[in-house]
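Counting from 1, the numbers follow the sequence of the chain as shown. None of the values given here were measured: they were computed from a predicted structure.
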Amino acid sequence: MATATSPTLRFPSPSLSLSSRLPLSSAFSISLRPRRGACRPLVVLVSAGLDAKPTVLVAEKLGDAGLKLLKDFANVDCSYNLSTEELCTKISLCDALIVRSGTKVSREVFESSGGRLKVVGRAGVGIDNVDLAAATEHGCLVVNAPTANTVAAAEHGIALLAAMARNVAQADASVKAGKWQRNKYVGVSLVGKTLAVLGFGKVGSEVARRAKGLGMNVIAHDPYAPADRARAIGVELVGFDEAISSADFISLHMPLTAATSKMLNDETFAKMKKGVRIVNVARGGVIDEDALVRALDSGIVAQAALDVFTEEPPAKDSKLILHELVTATPHLGASTAEAQEGVAIEIAEAVVGALKGELAATAVNAPMVPSEVLSELKPFVDLAEKLGRLAVQLVAGGSGVKTVKVTYATARAPDDLDTRLLRAMITKGLIEPISSVFVNLVNADFTAKQRGLRITEERVILDGSPENPLEFIQVQIANVESRFASAISDSGEIKVEGRVKDGIPHLTKVGSFDVDVSLEGSIILCRQVDQPGMIGKVGSVLGEENVNVSFMSVGRIAPRKQAVMAIGVDEPPSKESLKKIGDIPAVEELVFLKL
């Protein structure tokens, strides 16, 4: 292979830069600036990339500290108690939406946004009021604030547990009514009792810690919780039936999903120990409320303490709310001054960071990629997208891209390389240049599936040091014709291959030809007869039009045979210049590719 890389071929840059270098709404940017809690898992979001300030719609009350953070970065519209129709009308003018639990962010909302809505922030933990499937389909990231109100919710759960056990609410109402009924409100002790925590996440585990401190025996059920984390605080993980059948108290801390909806019902109540007491500071829908009334009336459930309900606020004549054995609070789990301020700051930081194109630490509908992995993969992320863009632009018009194979060459073990982000970026590169679709980590797999694009991945394990995550990435598109015949490999697919050199993505193979050109700006590929003077002739044509050549490389089969010249340019040459290059006698074909 003969390679020519010479600084003497650089020509003066024009004063006007490429339009493709202006900020675009489709630009996938990564910022590695450390943020609060930088050790947490992170994901990437597409930056809005707009020169004007983005607009954030705050649809439910948010703490002042959070609003200040938002207003320092964006135009903030605080509009509360919006109807669905009003929300759908406003949302087309907004880049971000912040809600609590009272606003339903439905498919209709995402469709009404017209693609402008880039992030939905849920000020709290639960996200059952947000249609995640619709958000993903529309490329909208959903973030929540899972840490700021954890302690507040756990404390409220313990407060309800103790208040229920000692009949605090009922005794208080009795005294205020002028009565003194000490015998009626004899309670039960917590020490030595078994508490079953259903849902051993952040809040559930904090409740367990506090219950252990009260002398309770704590068991838990959560199919996704690691046993070692439970053991570390002295909690045994058990099956669901064992948990509900052996517990004296049950505390609910699971999200509301199709699997958990009405999880406590007539059938499950029948399996419980007679006289069980139930606390719910999670989601109202996890309990069949009519079944709970029946269980209270029959004595299966001795008492219930509820902070959440299927319908909020519940009906004034609700049998459950009015039941003498029920202690009820109006969804106060996160309602401490400290938690409210913390949630406001946490969600504001997440939304602002997402709109800036920074790393979203609390993404709900995107794969979680650890920050150290993301930092390591950053140059390969750029390479992946650019290889996708190059490959799809080599496809001749009318050829439908359906089958893509991606090969990763690495010296690392199969479990030591997370390729989800790389696959998403290749998908972005393949789809965005030929459609109006906005692709990011959130919706990449969905968008590919929707378009019938099948992407398979293969790993080539190399000998050597695993210090670098990848040696090269190769993208092949099968069953298509090419605008540049030399891009077709010996096996019949369009093939491009790239490596990262000194942190910069490089194109290193086109079809069967080895090249070496930095993937910056755009690229001209020429197939030519290998002969002296070709680099000078092509450089002169580009120089006459003041097109700056950033890099040039020639890959050939053998001396004086066919060769492929890859030329990196900072500006797009005119059609006339490309025609002049094509008219050089030794040039057999050429193609201009935008990056």
Side-chain angles (χ1 to χ4, degrees), residues 25-26 28 43-48 54-60 77 79 81-146 254-261 283-286 310-312 347 350-351 353-355 357 360 362-368 420 423-424 427-428 431-432 435-453:
S25 61
S26 60
F28 197 117
V43 300
V44 180
L45 174 65
V46 179
S47 170
T55 296
V56 179
L57 173 60
V58 180
E60 296 183 64
D77 177 1
S79 297
N81 302 314
L82 295 174
S83 67
T84 300
E85 183 179 357
E86 290 169 333
L87 179 59
C88 288
T89 299
K90 275 183 170 287
I91 205 64
S92 63
L93 303 175
C94 302
D95 302 286
L97 169 66
I98 294 179
V99 300
R100 298 187 75 88
S101 60
T103 301
K104 301 295 183 185
V105 189
S106 63
R107 177 174 292 276
E108 184 182 0
V109 173
F110 291 106
E111 291 174 348
S112 298
S113 75
R116 178 166 174 175
L117 186 64
K118 294 295 182 289
V119 56
V120 171
R122 163 65 170 96
V125 180
I127 39 81
D128 46 278
N129 56 317
V130 180
D131 188 331
L132 288 182
T136 300
E137 290 171 25
H138 288 81
C140 181
L141 191 73
V142 179
V143 295
N144 65 351
M254 71 279 285
L256 179 60
T257 66
T260 63
S261 179
R283 285 290 177 267
V286 301
T310 301
E311 180 184 339
E312 294 184 358
I347 199 62
V351 168
L355 289 174
T362 58
V364 176
N365 62 336
M368 303 299 279
R420 293 172 299 177
R423 184 177 70 245
T427 303
K428 177 181 174 70
I431 292 176
E432 282 194 355
S435 73
S436 59
V437 176
F438 176 78
V439 181
N440 60 18
L441 181 59
V442 176
N443 67 347
D445 287 344
F446 171 82
T447 303
K449 182 178 180 181
Q450 190 180 48
R451 280 161 175 71
L453 178 59

Kindly indicate whether the side chain of [X], heavy atoms from C-beta on, has any atom under 4.5 Å from the side chain of [Y].
| X | Y | value |
| --- | --- | --- |
| L355 | V56 | yes |
| V119 | D95 | no |
| I127 | L132 | yes |
| T55 | L57 | no |
| D77 | V58 | no |
| V99 | N129 | yes |

Taking [Y]'s backbone N and O only, do any of them form a donor-acceptor pair with [X]'s side chain (distance below 3.5 Å, no angle check)?
| X | Y | answer |
| --- | --- | --- |
| E312 | G102 | no |
| E137 | F446 | no |
| E108 | C88 | no |

Show the nearest heavy-atom pair for residues [X] and [Y], with the distance to one decimal.
| X | Y | value |
| --- | --- | --- |
| N144 | V125 | ND2-O, 3.0 Å |
| V351 | A96 | CG1-CB, 3.7 Å |
| E86 | L82 | OE1-CA, 3.4 Å |
| R116 | S92 | CD-O, 3.5 Å |
| A363 | L141 | CB-CD1, 3.7 Å |
| L256 | S261 | CD1-CA, 3.8 Å |

From the list T84, L97, V142, side-chain contact (heavy atoms from CB on, under 4.5 Å) with V105 holds only for L97

D128, T310, T260 screened by side-chain contact (heavy atoms from CB on, under 4.5 Å) with R283, the one that passes | D128

Can you tell me how far [atom2] of [Y] sits from [atom1] of [X], rounded to the nearest 0.5 angstrom?
| X | Y | atom1 | atom2 | value |
| --- | --- | --- | --- | --- |
| N81 | L87 | CG | CG | 12.0 Å |
| S112 | R107 | OG | CZ | 12.0 Å |
| L117 | I91 | CG | CD1 | 4.5 Å |
| T136 | F110 | OG1 | CZ | 8.5 Å |
| S101 | R122 | OG | CZ | 5.0 Å |
| T427 | R451 | OG1 | CZ | 11.5 Å |

List the steps and the verdict of side-chain contact (heavy atoms from CB on, under 4.5 Å) for V143 and V364.
-> CA-CA 6 Å; V143 295; V364 176; 5.8 Å; no

Charged N to carboxylate O below 4.0 Å: is that the case for D131 and K104?
-> no

